[in-house]
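I have placed the structure first, in the form of structure tokens, so that the comments after it can refer back to it.
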Amino acid sequence: MSFPLLTATAVLPAIGAIATAAVPAARRTAAKWLALLFSLGTLVLAGIVLARFEPGGSRFQLTESHAWIKDFGVRYELGVDGIGVALLALTALLMPFIILAGWHDADPLENQSRRWRPTQGFFALMLMTEAMVILSFEATDVFVFYILFEAMLIPMYFLIGGFGDRATSSAAAAAAGGGDENAAAQRSYAAVKFLLYNLVGGLIMLAAVIGLYTVAGTFSLSEIAEARANGTFSMATSTERWLFLGFFFAFAVKAPLWPLHTWLPNAMGEATSPVAVLLTAVVDKVGTFAMMRFCLQLFPEASKWATPVILVLALISIVYGALLAVGQRDIKRLIAYASISHFGFIVLGIFAMTSQGQSGATLYMVNHGISTAALMLVAGFLITRRGSRLIADYGGVQKVAPILAGTFLIGGLATLSLPGLAPFVSEFLVLVGVFSAYPVVGVIATTGIVLAAIYVLVLYQRTMTGPVKAEVQGMADLRVRELVVVVPLIALLIFLGVYPKPLTDIVNPAVQHTMSDVQKKDPQPEVEAAK
């Protein structure tokens with residue numbers, strides 16, 4: 001029996017979570033190092049998965065299949081295609097940087113009991129989230145995926161509500177008079193809102209999962225695909241559309257897609273910056289990944305039927321998110337609304353149903369994760385120094401902390417998809433794919449690029465340039481630990497912006513399989529005959 005590599009990649013961070021939680025209360029530093037070592041071990045395993053994956057091979061590779069609940073046809077089935085392996089690698093890559101960035105975020109306050117173990121709990125919850133996300137990218141059984149889809153909400157709920165941002169000077173706190181009690185109430189509200197939105201989406205998906213089993217008699221993607229290819233399985237049009245809507249609703253909440261997005265700005269604003277990165281760069285990618293893995297593969301005709309409405313929702317997300325980002329006073333909420341706009345581009349690329357659009361959407365998932373991590377983590381370092389998330393509380397930072405300002409600028413330029421940085425490649429491919437199939441949609445989507453330039457450059461101008469404010473006069477520049485976090489992310493943004501071929505070689509074959517699922521071909525360019 002071959003070594004279960006995919007299982008090991010998910011089990012290792014879960015073991016790390018248990019081990020980290022068991023560290024004695026007085027050994028906080030040991031707990032941090034243990035969590036970091038387990039995250040690095042997971043990264044090594046993810047690297048082995050990536051090395052063993054053959055882009056030109058079978059659709060799902062490194063597969064594992066074991067009977068689990070025989071009476072209900074549930075099997076423990078794992079496998080990765082090019083899209084899943086890329087997102088698995090992204091998750092494993094970002095986690096060590098997230099842990100390093102949050103090194104002191106959960107240290108106990110002076111008035112806390114010695115028995116309180118916030119540090120151990122903080123890093124254990126992070127590792128447990130990583131384990132569930134990785135396994136969700138590997139699951140090829142719908143029921144197994146559903147369990148993971150819901151279970152990852154639990155550690156994220158406690159990370160948002162129990163370990164919120166200690167910089168209480170947010171726009172909401174300032175409006176309500178500030179104070180620790182109000183900040184705690186804001187964190188609790190954000191955590192509950194996150195949980196309720198995603199639980200409602202999950203419950204609707206559960207009904208659709210049960211409906212799928214009633215129709216197909218199995219939860220296995222491979223068995224459903226084989227039955228469909230043999231002509232022994234088909235769904236009535238109305239049934240397929242209702243099941244599609246149940247799945248898509250849950251994924252649109254997770255994504256998040258307008259108008260189901262309102263939980264994200266609250267959650268990202270009140271969470272610590274590393275947790276905000278874990279949420280939007282890793283956890284939320286499960287939603288867009290699942291649209292490609294399950295919606296298009298299980299319900300191809302319903303996906304094409306729903307495409308016009310979904311494209312409109314994606315366009316609204318792009319423009320609406322960017323407009324609200326322009327008007328934000330809170331740094332972290334600005335980045336949150338920018339992410340909503342970017343997720344609109346991802347959904348647009350997926351449902352344009354062209355190979356360029358879907359390749360761009362997959363690259364966008366990876367590149368958005370890296371660029372958002374770079375920008376949000378540097379913003380977190382900035383906020384920790386000043387103790388405020390309000391843009392108006394900054395000014396002239398580049399004169400006292402030039403390295404911090406420089407890395408903040410590069411992260412911002414990546415967010416607006418500057419040519420030469422990784423997000424440009426993915427955004428360009430999405431727009432090419434959309435223009436070839438829906439020219440009017442492509443024209444409207446480009447407004448998101450213009451608005452991105454506005455909110456990023458205005459943010460930099462208001463925080464980093466101009467006269468040095470008294471409150472930032474003694475601000476320290478980035479320290480060694482912080483440079484270790486930021487520099488590799490920036491290097492990766494530049495490398496993938498100049499040479500994206502390693503990533504596109506992995507992704508493109510999987511995209512072709514998805515295009516085959518929905519029986520779509522790229523539109524042929526119109527060439528005028530020579531006169």
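Computed over heavy atoms, backbone and side chain alike; hydrogens, waters and symmetry mates excluded.
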side-chain contact (heavy atoms from CB on, under 4.5 Å) filter on Tyr213, not counting sequence neighbours, yields Phe219
Looking at Ala271, is its backbone amide N or carbonyl O close enough to the side chain of Lys332 to form a donor-acceptor pair, meaning the two atoms are under 3.5 Å apart? yes
Approximate separation, where rounding is to 0.5 Å, of Met126 CE and Met156 CE: 8.0 Å
When you look at CZ of Arg52, are more than 12 heavy atoms from neighbouring residues, nucleotides or ligands closer to it than 6.0 Å? no
Report the C-alpha separation of Leu62 and Leu78 in whole Å, then their side-chain angles, then the decisive distance to 0.1 Å, and conclude whether the side-chain contact (heavy atoms from CB on, under 4.5 Å) test is met. CA-CA 8 Å; Leu62 306 174; Leu78 305 181; over 6 Å; no
Tell me every residue that passes salt bridge (charged side-chain N to carboxylate O under 4.0 Å, His left out) with Asp284, counting only those two or more places apart in sequence or in another chain. none
Donor-acceptor list for residues 33-43 side chains, cut-off 3.5 Å, not counting sequence neighbours:
unit_1, atom_1, unit_2, atom_2, d
Ser39, OG, Leu36, O, 2.6
Thr42, OG1, Phe38, O, 2.9

Among Val486, Val485, Ile370, which residue meets the side-chain contact (heavy atoms from CB on, under 4.5 Å) test with Phe97? Val485
Using the side chain to side chain donor-acceptor pair (under 3.5 Å) rule, collect all pairs that involve residues 486-498, keeping only residues at least two apart or in two chains. none
Taking Thr214 for the side chain and Ile210 for the main chain, is one N or O donor matched with an acceptor at less than 3.5 Å? yes
For Glu223, the salt bridge (charged side-chain N to carboxylate O under 4.0 Å, His left out) test, sequence neighbours excluded, returns none
Inter- and intrachain pairs under side chain to side chain donor-acceptor pair (under 3.5 Å), touching residues 492-507, at least two apart: Lys501-Asp505
Please determine whether side-chain contact (heavy atoms from CB on, under 4.5 Å) holds for the pair Ile99 and Leu127, giving the CA-CA distance in whole Å, both sets of side-chain angles, and the decisive distance to 0.1 Å. CA-CA 9 Å; Ile99 289 174; Leu127 289 173; 4.2 Å; yes
Who pairs with Glu77 by salt bridge (charged side-chain N to carboxylate O under 4.0 Å, His left out), at least two apart in sequence or on another chain? Arg75
Using residues 341-350 as the side-chain source, report each donor-acceptor pair under 3.5 Å to any protein atom, sequence neighbours left out, with the distance given to one decimal.
unit_1, atom_1, unit_2, atom_2, d
Ser341, OG, Ile318, O, 2.8
His342, ND1, Ala338, O, 3.2
His342, NE2, Thr415, O, 3.2

Residue pairs fulfilling salt bridge (Lys or Arg N to Asp or Glu O under 4.0 Å) with at least one residue in residues 286-312, sequence neighbours excluded: Asp81-Arg293, Glu301-Lys304
Please tell me if the side chains of Leu296 and Gln358 come closer than 4.5 Å, counting only heavy atoms from C-beta onward. yes
Side-chain H-bond candidate by donor/acceptor type, Tyr76 with Thr7, under 3.5 Å: yes
Find the distance between CG (Leu264) and NZ (Lys193) and round it off to the nearest 0.5 Å. 10.0 Å
Do Leu298 and Val142 touch side chain to side chain, with heavy atoms closer than 4.5 Å? yes
Check: Met152 and Ser136 side chains under 4.5 Å, non-hydrogen atoms: yes
Side-chain (Glu427) to main-chain (Tyr364) donor-acceptor, under 3.5 angstrom: no
Residue among Leu87, Val277, Thr91 satisfying side-chain contact (heavy atoms from CB on, under 4.5 Å) with Val282: Thr91
Is there a side-chain contact between Val286 and Phe149 in this structure, where contact means two heavy atoms from C-beta onward sitting under 4.5 Å apart? yes
Quick note, ring pair (Phe, Tyr, Trp, His ring centres under 6.0 Å) partners involving residues 269-299, not counting sequence neighbours, are Phe137-Phe289, Phe145-Phe294, Phe247-Phe299
Is there a side-chain contact (heavy atoms from CB on, under 4.5 Å) between Trp68 and Val144? Walk through the geometry before answering. CA-CA 10 Å; Trp68 184 17; Val144 172; 3.9 Å; yes
Return the set of residues passing ring pair (Phe, Tyr, Trp, His ring centres under 6.0 Å) with Phe351 (not counting sequence neighbours), or none when no residue passes. Phe248
From the list Ser359, Pro55, Ser355, side-chain contact (heavy atoms from CB on, under 4.5 Å) with Asn508 holds only for Ser359
Donor-acceptor pair, Trp263 side chain versus Leu196 backbone, under 3.5 Å? no
Taking side chain as C-beta onward, heavy atoms only, is Met292 less than 4.5 Å from Met365? yes
May I ask you to decide if Pro423's main-chain N or O and Ser426's side chain share a donor-acceptor pair within less than 3.5 Å? yes
Which residues share a salt bridge (charged side-chain N to carboxylate O under 4.0 Å, His left out) with Arg59, sequence neighbours left out: Asp517
Phe428, CZ: over 12 other non-hydrogen atoms inside 6.0 angstrom: no
Are Val253 and Val200 packed together at the side-chain level, in the sense that at least one heavy-atom pair is separated by less than 4.5 angstrom? no
Could you go through Ile224 and Leu212, starting from their C-alpha distance and side-chain angles, then the distance that decides it, and tell me whether this counts as side-chain contact (heavy atoms from CB on, under 4.5 Å)? CA-CA 10 Å; Ile224 293 174; Leu212 177 66; 4.3 Å; yes
Please check: side-chain N/O of Thr129 versus main-chain N/O of Pro155, any donor-acceptor pairing under 3.5 Å? no
Heavy-atom distance under 4.5 Å between the side chains of Lys32 and His104, does that happen here? yes
Please answer whether the main-chain N or O of Thr280 pairs with a side-chain N or O of Lys285 as donor and acceptor at a distance below 3.5 Å. yes
Heavy-atom check, side chain of Asn367 versus side chain of Ser417, under 4.5 Å: no
